[in-house]
Participant: 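Pasting a structure below so you can have a look.
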Amino acid sequence: ETGVTQTPRHLVMGMTNKKSLKCEQHLGHNAMYWYKQSAKKPLELMFVYNFKEQTENNSVPSRFSPECPNSSHLFLHLHTLQPEDSALYLCASSPRDSGANVLTFGAGSRLTVL
Amino acid sequence: AQTVTQSQPEMSVQEAETVTLSCTYDTSENNYYLFWYKQPPSRQMILVIRQEAYKQQNATENRFSVNFQKAAKSFSLKISDSQLGDTAMYFCAFMKDTGTASKLTFGTGTRLQVTL
């Protein structure tokens with residue numbers, strides 16, 4: 001098993017659909033992150049969870065709803081998305097959300113909103 | 001706020017040659033960390049090299065080395081003996097050493113193509 005696993009790899013959804021992205025890490029890390037990667041733009045940090053508690057919400061619209069039931073799993077629930085939300089969504093984890101920890105990334109979920 | 005600038009959207013290098021990717025950053029912090037991450041077509045972001053700002057010695061990892069110029073706020077990546085597997089997007093990233101967050105600020109990336 002790779003360190004950080006994201007499913008699905010690809011997702012196409014309409015603006016009225018509800019879907020979820022899943023992230024799972026097998027590294028024993030305590031911090032998990034969602035990043036959004038759009039073409040020609042820097043990666044944008046969306047959310048940070050530390051020991052299951054949300055410690056950062058980077059002004060993300062409410063149509064994105066994260067959930068972290070335990071330190072190994074992170075979800076991103078999607079509903080009423082817009083076409084501009086189409087992007088690669090990357091999950092990452094680190095030993096903890098403090099200090100200069102190296103982040104381990106998953107391979108991302110490519111989201112297309114029609 | 002920190003910013004990271006990668007001024008080379010695309011670069012090409014022949015196999016076995018050396019290439020240098022540029023990165024500059026802007027910060028008022030004195031203690032921080034800098035990273036180069038590689039994102040191959042498989043999309044998984046992989047750490048290439050890391051540099052602590054308080055260390056004067058440039059970090060090296062096998063064929064990868066950096067030229068860290070703190071006063072100039074410059075952090076370039078040199079890839080020696082380039083291999084086809086080095087073809088990827090390369091992202092420069094900055095992290096504050098606040099002790100409270102591991103948030104990375106990324107540049108826009110440089111797409112490197114290694115050719116035969």
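Everything quoted here is computed from the prediction, not taken from an experiment. These numbers come from the heavy atoms of this one structure, side chains and all, not from hydrogens, waters or symmetry mates. Labels below follow one simple rule: chain letters A, B, ... track the order of the sequence lines, proteins then strands, and each chain is numbered from 1.
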Participant: Rounded to the nearest 0.5 Å, how far does SG of A/C91 lie from CE of B/M45?
Facilitator: 12.0 Å
Participant: Stepwise, does the side-chain contact (heavy atoms from CB on, under 4.5 Å) test hold for B/Y33 with A/V102?
Facilitator: CA-CA 10 Å; B/Y33 297 81; A/V102 173; over 6 Å; no
Participant: Return the option, out of A/A107, A/P42, A/A92, with the maximum number of heavy-atom pairs under 4.5 Å with chain B.
Facilitator: A/A107
Participant: If I measure from the heavy atoms of chain B, does A/E44 come under 4.5 Å with its side chain, its backbone, both, or neither?
Facilitator: neither
Participant: Below 4.5 Å from any heavy atom of chain A, which atoms of B/E52 appear? Answer side chain, backbone, both or neither.
Facilitator: neither
Participant: Please classify the contact between A/L43 and chain B as side chain, backbone, both or neither, with a heavy-atom cut-off of under 4.5 Å.
Facilitator: both
Participant: So which part of A/S109 gets closer than 4.5 Å to some heavy atom of chain B, the side chain, the backbone, both or neither?
Facilitator: backbone
Participant: A quick test of your reading: do over 12 heavy atoms of other residues, nucleotides or ligands sit less than 6.0 Å from CD of A/Q82?
Facilitator: yes
Participant: Taking everything shown except B/N62 itself, do over 12 heavy atoms lie less than 6.0 Å from its CG?
Facilitator: no
Participant: Please say whether more than 12 non-hydrogen atoms of neighbouring residues, nucleotides or ligands are located less than 6.0 Å from CZ in A/R63.
Facilitator: yes
Participant: What's the shortest heavy-atom distance between A/K40 and B/T108, and which atoms?
Facilitator: O-CG2, 4.0 Å
Participant: Report whether B/V48 and A/F105 are members of the same hydrophobic cluster (ILVMFWY, side-chain heavy atoms less than 4.5 Å apart, transitive linking).
Facilitator: no
Participant: Quickly, which of B/Q39, B/R43, B/Q44 forms a side-chain contact (heavy atoms from CB on, under 4.5 Å) with A/L90? Name it, please.
Facilitator: B/Q39
Participant: For atom CD of A/E84, is the number of surrounding heavy atoms from other residues, nucleotides or ligands below 6.0 Å larger than 12?
Facilitator: yes
Participant: Check each atom of B/F91 against the heavy atoms of chain A and say whether the ones under 4.5 Å are side chain, backbone, both or neither.
Facilitator: side chain
Participant: Any chain of hydrophobic side-chain contacts (each under 4.5 Å) joining A/F47 to A/M32?
Facilitator: yes
Participant: Only counting residues at least two apart or in another chain, list the ones meeting salt bridge (Lys or Arg N to Asp or Glu O under 4.0 Å) with B/D81.
Facilitator: none
Participant: Tell me, with the steps shown, if A/L103 and B/L104 meet side-chain contact (heavy atoms from CB on, under 4.5 Å).
Facilitator: CA-CA 9 Å; A/L103 272 63; B/L104 287 167; 4.0 Å; yes
Participant: Give a yes or no on whether A/K52 atom NZ has more than 12 heavy-atom contacts from other residues, nucleotides or ligands under 6.0 Å away.
Facilitator: no
